[in-house]
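Proteins come first, then strands; the chains are lettered A, B, ... in the order of their sequence lines, and each starts at number 1.
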4 protein chains.
Amino acid sequence: MPKVSDEHMEGRRRQIIDAAIACFARDGFHRATMQDICAEARLSPGAIYRHFPGKDAIVEAIADERHAREAEFMRAALEVGGVDGLRVFGSASFRSLAAPAEKRRRRLGVQVWAEAVLNPEIRKLVMRGTKPPRDVVARLVREAQESGELADDLDPDAVGRVMLALFQGFILQQAWEPGADVTAFLETAELMVDALARERVAE
Amino acid sequence: MPKVSDEHMEGRRRQIIDAAIACFARDGFHRATMQDICAEARLSPGAIYRHFPGKDAIVEAIADERHAREAEFMRAALEVGGVDGLRVFGSASFRSLAAPAEKRRRRLGVQVWAEAVLNPEIRKLVMRGTKPPRDVVARLVREAQESGELADDLDPDAVGRVMLALFQGFILQQAWEPGADVTAFLETAELMVDALARERVAE
Amino acid sequence: MPKVSDEHMEGRRRQIIDAAIACFARDGFHRATMQDICAEARLSPGAIYRHFPGKDAIVEAIADERHAREAEFMRAALEVGGVDGLRVFGSASFRSLAAPAEKRRRRLGVQVWAEAVLNPEIRKLVMRGTKPPRDVVARLVREAQESGELADDLDPDAVGRVMLALFQGFILQQAWEPGADVTAFLETAELMVDALARERVAE
Amino acid sequence: MPKVSDEHMEGRRRQIIDAAIACFARDGFHRATMQDICAEARLSPGAIYRHFPGKDAIVEAIADERHAREAEFMRAALEVGGVDGLRVFGSASFRSLAAPAEKRRRRLGVQVWAEAVLNPEIRKLVMRGTKPPRDVVARLVREAQESGELADDLDPDAVGRVMLALFQGFILQQAWEPGADVTAFLETAELMVDALARERVAE
DNA sequence: TATGAATGAGAGTTCATTCAT
DNA sequence: GATGAATGAACTCTCATTCAT
């Protein structure tokens, strides 16, 4: 039972992870019980423990999954390059999170962040997801500095952190107020980036 | 020791809240047990339940306390007014959170945010703390627009949200990496604000 | 401070017992807390523990109080004597319990009975209250047998138990259904006694 | 051991109820702890909570079980009918409770009564058990009145209550004094019924 | 004498995890 | 491989009782 079993295994993992995502987004990691996840996945506890050694492992699997989504944006941004690449990356990332359908994703994200503060294992996983985007931004900033689009005194890594912070704050605020004005937020963020670039051009 | 003063009562509340803050920052709301809080406060369960009807109430009391800290910064910023007020408010707020001693405060803050996503009561409390700073920023932006320091097409409320997002992302990142480069982050954020203002002046 | 203190002591005891009666009748012995009794008595725990060594002692004091009420009926019944004395005693006892105002007394009585099953101390007290009425009935029956009013084959002690049982069942049923038809019950019970006597006369 | 039969399920319920009956009869509802019941049932807390949502539910299940025992007596009594049916019902019911082996049952019964005073849910259940016997008695009395065996001025429902009261008082007294003279009590009660009937015949 | 804040053992209940079937 | 009944440690919260004031 080799190949079929592997596919089956993978299918079960997905089924469990999806159920867990639904439960965790709804109730948080601690209030969601394994029984809740079993019910949501329509699986028995035994079946779940065959695929994950415990509740924490499911949390970790979810934390591990969170990145990778932006890989596509990053590739596209790097192709464009420079300040325009920055803009592409920024607005693509924002838009991917702003959709109402992403409400669950945002709620879950905040849970993962809080857990990452407490649990080094989770933190490692989460940072494995946040580091690449920051590096992409830093690289784009460096490119823009080399081409004269941006001032040299900007710290590329710090810009990476600042842009990440904007995303994070945005996700958090939307998790609290799903109806918050998303467009104005994005536009304002873009204006700030543009200002940095435009003033350079204006010199 | 009967008939104690209100001061004593208030002192006990502080003692419990401080103990709870320590426990929650260390282990999170859900992993910290009432026994942990009792041990930390060197008080018995009964003593704690005399002052709070349950664990949730302590969480709420803590969430309720989180704001008010910025009140001083806000007052100062409004006195200065305009883009300079914005700068004062921004750097004061950042600096107040960047100190290593605030590590616990940052960790706890992230816990509260996650809880606010799940618990409407906590959310209400948290937003009662985030709304005034956002409003102060919006007011300073409007002043700056009236005096011509900032472009009219900036949405003042959105700027409030963007600045709040910067703080939040900053706290989160520092909660994960207490050694992250704080100065560069702050400088970059200030550069962005300056850019908005400078380009206006440059026109 | 001799006499004044004694009166005061006794007054406090009454105050506490009355409060406890109210609480126990409302919630039962186990659900009523010492705090409830304190609140009802408008006294502090310390004050109560000065007069009673513990909750059980209050229960015992109450169980101890329950009898004595019928002493007057018993005296009157013995004066009348014979079957008529039986009738006097029966209807006086019933009537004293049937009044709506005695609802609390009935509820409390049932609590005490249940406790008496579990607690030998309480049981002793309760039986100290039930034995004399049974003995009075037995004595009246013996009188009636001697005067020929009742058949000799009646067991006087058993009649005492039967009459006590009628009271107890009546109290219980009324504790469950305060609106139960009391008059019909009493009349039926009297008819049964009368039948015993009448048939004797009829011979 | 998954997917067990309904029989197994029912068996566990019995096991738990039996353990609870033993504990409650010994210590009362409030002093018997869930741990006691677990120990008596040789089951873990979790196993019990799979079958009952809480301690109260076990109490209710027990209160609900108490009736039904008399169903057989009632059927037999109704077959016989009239005053003889009354006698059959009475002595069968008494004898079923008088056996020393029923000591536990009597103790538990008194606990349930006390609880029924406080808890409407239990009361409803208990009265669902006491109403049918009362109604059977009332029906037999009516039959006896129609056939001239009993006087028309007897209130059939009140006779039902009186007979129930006799049982209840008897159970209570025996719960207090397991060695009380049962035979004499029953004989006296029968004499009272007989007297009512005999005097009618004698007219 | 009275107060009431404080104690702390222990209550009912939950839930991550196991394992016989 | 899947099931789900069972486990039992650990949780939050209660409340009879004490004792410094």
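- Nucleotide E:dC15 holds its C1' atom 14 Å from the CG atom of A:Asp27, rounded to whole Å.
- For the OP1/OP2 pair of F:dA6 and a distance below 4.0 Å, the side-chain nitrogens and oxygens of D:His51 include at least one atom meeting the criterion.
- In this structure F:dC13 sits in a base pair with E:dG10, meeting the Watson-Crick or G-U test at under 3.5 Å.
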Determine all donor-acceptor pairs shorter than 3.5 Å in which one atom belongs to a side chain in residues 111-119 of chain D; sequence neighbours excluded.
unit_1: D:Gln111; atom_1: NE2; unit_2: C:Ala114; atom_2: O; d: 3.2
unit_1: D:Glu115; atom_1: OE1; unit_2: C:Arg31; atom_2: NH2; d: 3.4
unit_1: D:Glu115; atom_1: OE1; unit_2: D:His30; atom_2: NE2; d: 3.2
unit_1: D:Glu115; atom_1: OE2; unit_2: C:Arg31; atom_2: NH2; d: 2.2
unit_1: D:Asn119; atom_1: OD1; unit_2: D:Glu121; atom_2: N; d: 2.8
unit_1: D:Asn119; atom_1: OD1; unit_2: D:Ile122; atom_2: N; d: 3.3

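- Nearest heavy-atom pair across D:Phe24 and D:Lys55 is CE2-CE, 4.3 Å.
- Protein atom CZ of B:Arg50 is 20 Å distant from nucleotide atom P of F:dT12, rounded to whole Å.
- Note: CZ (C:Phe52) to C1' (E:dA2) measures 16 Å, nearest angstrom.
- OP1 or OP2 of E:dA2 has at least one side-chain nitrogen or oxygen of C:Arg12 nearer than 4.0 Å.
- The side-chain heavy atoms of B:Leu172 and A:Leu172, taken from C-beta on, include no pair separated by under 4.5 Å.
- Both D:Asp56 and A:Pro53 lie close to DNA chain E; mapped to their nearest nucleotides by heavy-atom distance, the more 5′-ward contact belongs to D:Asp56.
- Side-chain N or O atoms of D:Asp36 include one that pairs as donor or acceptor with a backbone N or O of D:Thr33 at under 3.5 Å.
- Across all strands shown, F:dT3 is found opposite E:dA20 as a Watson-Crick or G-U wobble partner, with both distances under 3.5 Å.
- Distance A:Ile37 CD1 to E:dT17 C1': 13 Å, rounded to the nearest Å.
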Using atom types as modelled, flag every donor-acceptor pair under 3.5 Å from a side chain in residues 39-47 of chain C to any protein atom, sequence neighbours excluded.
unit_1: C:Glu40; atom_1: OE1; unit_2: C:Arg26; atom_2: NH2; d: 2.9
unit_1: C:Ser44; atom_1: OG; unit_2: C:Ala47; atom_2: N; d: 3.4

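- Remark: the backbone N or O of D:Ala25 is paired with a side-chain donor or acceptor of D:Arg107 at under 3.5 angstrom.
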Exercise. Do nucleotides 7-12 of chain E as a string where each nucleotide becomes B, S or -: B if the base has a protein heavy atom under 4.0 Å, S if just the sugar-phosphate does, - if no protein is that close.
Key: BBB-SS

